[in-house]
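Here the structure comes first, spelled out in structure tokens, and everything after it is commentary.
What you see below is based on every heavy atom in this structure, not just the backbone, and it leaves out hydrogens, waters and symmetry mates.
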Amino acid sequence: MSYQFFVQSDITFGLNSVEKLPEILISYGAKQVMVIYDEGVKLAGISEKVLAEVHKAGVSVTVYDKVLPNPSNELVEEAAELARASGIDVFVAVGGGSSIDLAKAVNVLMTNPSPIGQYGGIGNVKHPVLPLVAIPTTAGTSSEITNVVALTDTKAVCKYVIIDNKITATNVIIDPAFTRTMPRSVTAATGMDAITHAVESFISNMATPLTEYHSLKGLQVLYQNLPLAVENGENMEAREQMMLGCIIAGFGFSNANLGLVHGIAHTLSAHFHLAHGMANATVLPYVMEFNAQSCPEKMIEMAKAIGLIVSGNAEEDKYVFAKELGRMTAALGIKKLSEQGIQEKDLEMLAGEVLKEPVLNFNPRQNITKEQILQILRKAL
């Protein structure tokens, strides 16, 4: 049996690595650069530092700083119109998954016609895109190295993905110093998002030995360092390790895909605008408890990988990992669904919408019913 494992980005990793940005831009012969970020990145002073490096390359700069969480099709079209009018030839995305995903989507529309929604699914982008330098400021989404864009269709009221190897960032600059200003709650939620990527890709029915290695190693690094980073945001060793774990897990999930946790999270974000990381973290323990029926060996393997004690009784041990995730999310202050505005009356609709999510095709437990999703949501409520 043969396996395919796709990795494209040129990665620069370490403190002060942002100083490599001018060299990268010059290597592309950049003339017109669009820098994309959100208000939080601006308030943290990160955009100012990045823009200073961009200007060292002697280029003209266009800024798009209207990024919102769970970016919509409309936001993509607005930014793309500005990029086309400015004759942009290189993009620089600074921020979390929303900023990087928006930049990747806008980049698609520089060489492919609008609307962006037509590229949803796998392999639908026809023409190669422009160079994109991704600079993450969170350790969570791995969007900086994946071939995935997650967008919100406000008309259909759903979150959908574009998956295509062409859209992966050409260069990634990972400077752990840019995560220093992340609040405790954001550190926890984005960190649990990265752990979700590691876990779901490890048990995915598309997993291969190549992806499993990265997923399991990413899980170990993230599990060991997330509590440290949340406890003390100035712990730069923990911050650096979180960025490393995020990248490693990203290699796994961008090749193996994800599952039911993301199916639920996409639906929660589309209908109630929940932050993606928090939505994942809230339901993760209960989905893993559910999935344990179909992949007990892998559940036990993950438990052992992070140093949990197992009894040797497989029927009991397959739930050890899910229980630890429950303990961990509680300790990190992850909110229950009811604390995020979800009510019992919303669950019926949500469960029905989750069943439409394509990502369920990669979940290890198949033939999922609406009632089973309702049970998971009620536990998370």
*Would a 4.5 Å heavy-atom cut-off, applied to side chains only, mark Thr190 and Thr141 as touching?*
no
*Verify side-chain contact (heavy atoms from CB on, under 4.5 Å) between Val59 and Val54, making sure each step is shown before the conclusion.*
CA-CA 7 Å; Val59 299; Val54 173; 3.7 Å; yes
*Take Glu81 and Arg84, measure what salt bridge (charged side-chain N to carboxylate O under 4.0 Å, His left out) needs, and give me the verdict at the end.*
CA-CA 5 Å; Glu81 185 177 351; Arg84 288 191 291 260; 5.9 Å; no
*Candidate list Gln293, Glu289, Glu324, test side chain to side chain donor-acceptor pair (under 3.5 Å), partner Tyr319, passing option*: Gln293
*For residues Asn225 and Leu244, determine if any side-chain heavy atom of one lies less than 4.5 Å from a side-chain heavy atom of the other.*
no
*Going by heavy atoms in the side chains, are Asp193 and His262 under 4.5 Å from each other?*
yes
*asked:* Would you call the rings of Phe5 and His214 parallel, tilted or perpendicular, taking 30° and 60° as the class edges?
replied: parallel
*Taking the side chain as every heavy atom from C-beta outward, state whether Ile174 and Pro136 have any atom pair closer than 4.5 Å.*
yes
*Are Asn124 and Ile162 close enough, and set up right, to give a side-chain contact (heavy atoms from CB on, under 4.5 Å), and what steps lead you there?*
CA-CA 8 Å; Asn124 293 325; Ile162 299 169; over 6 Å; no
*asked:* Under a 3.5 Å distance rule, please check whether Gln366 uses its side chain to pair with a backbone N or O of Asn363 as donor and acceptor.
replied: yes
Donor-acceptor contacts, no H, no angles, side chain residues 60-70, under 3.5 Å, sequence neighbours left out:
residue	atom	partner	partner atom	Å
Tyr64	OH	Glu78	OE2	2.5
Asn70	OD1	Lys159	NZ	2.7
Asn70	ND2	Leu274	O	3.3

*asked:* Is the distance between the ring centroids of Tyr160 and His266 under 6.0 Å?
replied: no
*Verify side chain to side chain donor-acceptor pair (under 3.5 Å) between Asn147 and Thr168, making sure each step is shown before the conclusion.*
CA-CA 5 Å; Asn147 59 353; Thr168 308; 5.4 Å; no
*Counting only N and O atoms by type, is there a donor-acceptor contact under 3.5 Å from the side chain of Ser72 to the main-chain atoms of Asp153?*
no
*Charged tip of Lys298 within 45° of Phe202 ring normal and under 6.0 Å*: yes
*Locate the shortest heavy-atom distance separating Val76 from Val106; write the atom from each residue and the value.*
O-CG2, 3.8 Å
*Counting only N and O atoms by type, is there a donor-acceptor contact under 3.5 Å from the side chain of Asp346 to the main-chain atoms of Ile342?*
no
*asked:* Assess the residue pair Lys217 and Glu212 against the criterion (salt bridge (charged side-chain N to carboxylate O under 4.0 Å, His left out)); give the C-alpha distance rounded to whole Å, side-chain angles, the decisive distance to 0.1 Å, and a yes or no.
replied: CA-CA 8 Å; Lys217 182 61 179 178; Glu212 289 169 346; over 6 Å; no
*Side chains of Val359 and Glu200: does their closest heavy-atom pair fall under 4.5 Å?*
no
*asked:* As a quick check of understanding, evaluate side-chain contact (heavy atoms from CB on, under 4.5 Å) for Met243 and Asp175, giving each step before the final call.
replied: CA-CA 8 Å; Met243 297 294 275; Asp175 194 330; over 6 Å; no
*asked:* When you measure from the side chain of Glu77 to the backbone of Ile116, do you find a donor-acceptor pair of N or O atoms at a distance under 3.5 Å?
replied: yes
*asked:* Main chain of Thr154, side chain of Thr152: is a donor-acceptor contact present, judged purely on distance under 3.5 Å?
replied: no
*Under a 4.5 Å cut-off applied to non-hydrogen side-chain atoms, are Ile135 and Val50 in contact?*
yes
*Say whether, by atom type as modelled, one donor and one acceptor occur between the side chain of Arg239 and the main chain of Thr179 under 3.5 angstrom.*
yes
*asked:* Using only atom types and a distance under 3.5 Å, with no angle test, would you say the side chain of Ser204 pairs donor to acceptor with the backbone of Ala256?
replied: yes
*Is the backbone of Lys31 close enough, under 3.5 Å, to the side chain of Asp89 for a donor and an acceptor to pair up by distance?*
yes
*Establish, from distance only, whether the side-chain atoms of Ser201 and Ser215 form a donor-acceptor pair under 3.5 Å.*
yes
_Strictly distance-based, threshold 3.5 Å: is any side-chain N or O of Asn255 a donor or acceptor partner for the main-chain N or O of Phe6?_
yes
*Glu353 and Leu350, any side-chain heavy atoms less than 4.5 Å apart*: no
_I'd like to know if the side chain of Glu339 reaches the main chain of Lys336, judged simply by a donor and an acceptor atom lying under 3.5 Å from each other, with no hydrogens or angles considered._
yes
*For side-chain contact (heavy atoms from CB on, under 4.5 Å), just list the numbers for Ile373 and Ile368, CA-CA rounded to whole Å, side-chain angles, deciding distance to a tenth of an Å, and then say yes or no.*
CA-CA 7 Å; Ile373 296 172; Ile368 302 169; 3.7 Å; yes
